[in-house]
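Encoded as structure tokens, the structure appears first; notes follow it.
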Amino acid sequence: MDRFVDLRSDTVTKPTPDMRQAMFEAAVGDDVFGEDPTVNTLQEKAARLLGKEAALFVASGTMANQLSIKAHTQPGDEVIIEAGAHAMNFEGGAGAVISGIQFLGIPGNRGIFEAVQVEAAIRVDDVHFPPSRLVVIENTHNRGGGSVFPMSKVRPIRELATQRGLRMHMDGARLWNACVASGISPAKYAEPFDSVSVCLSKALGCPVGSLVVGSKDFIKRVHRFRKMVGGGMRQAGFLAAAGIYALDHHIDRLEEDHRKAKKLAAGLANIKNVLINPAEVETNILFFDVSRAEKTAQEVAASCREKGVRLHPTAKTRIRCVTHLDVSFADIDQALKVIEGVMKG
Ligand code: TLP
């Protein structure tokens with residue numbers, strides 16, 4: 001099938017013609033020598049946009065998160081994180097391997113947690129316990145259904161972290177979506193955090209790339225660790241050019257992706273045996289449940305795929321959909337038609 005509607009993830013986007021042109025025209029150099037002008041421009045731009053001293057371009061969101069964790073911790077430390085978070089569950093156990101840390105997963109409400117929960121999770125100073133070192137917040141929260149971590153809940157966590165000597169990292173793979181949905185600027189969202197990772201290859205439509213931002217000293221440490229894991233790239237300006245283009249042109253349009261997700265959710269709510277609360281859809285990710293149907297999520301997704309609609313089953317009865325640059329409002333109508341047919345059949 002040459003044309004299909006791909007709602008599995010916002011990572012599936014292809015560069016637009018204008019983005020490809022920007023990549024084609026990029027001035028490049030050897031970034032391991034610090035001589036790629038386009039990488040340098042992207043890093044300066046990202047640091048400015050997020051209100052931090054410095055930024056580093058890395059290969060992926062996983063690399064951004066895990067090198068940040070490494071730079072904040074010592075082996076044996078504990079990292080407090082929401083139990084469904086990407087950095088703990090979907091990064092191949094890297095926290096244990098790369099940093100020698102252990103995660104303490106605390107339950108969230110659609111990925112969102114409270115300062116009192118962090119307070120209860122902080123270990124007392126006793127030889128039995130790992131030292132609590134870092135709090136990680138995911139914004140938007142992937143498994144929470146693209147939920148926006150409210151600023152009103154970030155601030156008390158920051159106050160507590162400061163009092164208790166903990167650092168804070170934001171997995172902002174989709175921070176852009178949180179900013180557009182909440183009206184809060186990237187710099188304001190980043191302000192309470194010691195470090196933030198952001199992705200260019202998710203909502204923003206780039207082929208590759210993420211950034212870590214933080215203080216100059218922190219980024220220097222991340223840079224050293226990037227080298228250790230073989231993440232030093234050479235003429236990476238071709239990729240950075242896509243990032244610059246995306247930061248200039250693909251943030252404001254996310255509002256459209258959010259409307260597509262809301263339209264999809266509203267349509268799904270009208271399909272027999274589909275369970276979803278459209279009021280919970282805040283950004284570009286939604287989950288729906290098919291436990292009332294005779295089929296598993298995998299069977300529903302397989303039947304939809306045969307009819308040209310790709311969905312991401314994440315559990316026996318749970319399916320994820322993500323809207324992005326490469327799905328139109330008409331594609332959403334088409335997806336709804338196919339899902340309705342499959343749920344009936
Ligand atoms: N998430 C991907 C896949 O892992 C499932 C997706 O399709 O959503 N943080 C968050 C919140 C993420 O959602 C992801 C990717 C990452 C980090 C890791 O980014 P990459 O895939 O670039 O290593």
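The structure presented is a predicted model; accordingly, all values stated were derived computationally and were not measured. Start at 1 and go down the list; that is how both ligands and their atoms are numbered. What's counted below: heavy atoms across the whole structure, side chains too, no hydrogens, waters or symmetry copies.
When hydrogens are left out, the protein atom nearest atom 7 (O) of ligand 1 is Ser9 OG, 2.6 Å; that is the closest non-hydrogen contact. The nearest protein atom to atom 9 (N) of ligand 1, hydrogens excluded, is given as Asp171 OD2, 2.7 Å; this is a heavy-atom distance. For atom 11 (C) of ligand 1, the closest heavy atom belonging to the protein is Glu138 OE2, 3.3 Å. The single protein non-hydrogen atom nearest to atom 15 (C) of ligand 1 is Lys202 CE, 3.1 Å, given as residue, atom name and distance.
At least one N or O atom of Asn142, backbone or side chain, sits closer than 3.5 Å to an N or O atom of ligand 1.
The side-chain heavy atoms of Phe193 and Ile137, taken from C-beta on, include a pair separated by under 4.5 Å. Residues Phe225 and Leu56 have side chains not in contact (no heavy-atom distance under 4.5 Å, counting atoms from C-beta outward). Within the 4.5 Å cutoff, side-chain heavy atoms of Leu42 are placed close to those of Leu200. Side chains of Phe149 and Met170 form no contact here, defined as non-hydrogen atoms less than 4.5 Å apart. At least one side-chain heavy atom of Thr162 sits under 4.5 Å from a side-chain heavy atom of Arg158. Within the 4.5 Å cutoff, side-chain heavy atoms of Lys227 are placed close to those of Val32. You'll find the side chain of Arg221 stays beyond 4.5 Å of the side chain of Phe218, heavy atoms only. Using a 4.5 Å heavy-atom cutoff, the side chains of Val135 and Phe113 are in contact.
Residues Val136 and Leu104 do not share a hydrophobic cluster, clusters being chains of Ile/Leu/Val/Met/Phe/Trp/Tyr side chains in contact below 4.5 Å.
Within the 4.0 Å heavy-atom criterion, the part of Arg174 lying near ligand 1 is the side chain and not the backbone. With a 4.0 Å cut-off on non-hydrogen atoms, Arg320 touches ligand 1 through its side chain and not its backbone. Contacts between Ala173 and ligand 1, counted as non-hydrogen atom pairs separated by less than 4.0 Å, involve the side chain only.
Of all the atoms in ligand 1, the ones that sit under 4.0 Å from a non-hydrogen atom of Asn65 are 9 (N), 17 (C). When each atom of ligand 1 is checked for a heavy atom of Gly61 under 4.0 Å away, the hits are 18 (C), 19 (O), 20 (P), 22 (O), 23 (O). Set against the non-hydrogen atoms of His86, the atoms of ligand 1 under 4.0 Å away are 1 (N), 3 (C), 4 (O), 9 (N), 10 (C), 11 (C), 12 (C), 13 (O), 14 (C), 15 (C), 16 (C), 17 (C), 18 (C). Of all atoms in ligand 1, numbered sequentially from 1 with element shown, those under 4.0 Å from a heavy atom of Glu91 are 17 (C). Annotation for ligand 1: atoms under 4.0 Å from non-hydrogen atoms of Ser60 are 22 (O), 23 (O).
Checking Val322, Thr62, Asp10 against atom 23 (O) of ligand 1, the nearest heavy atom belongs to Thr62.
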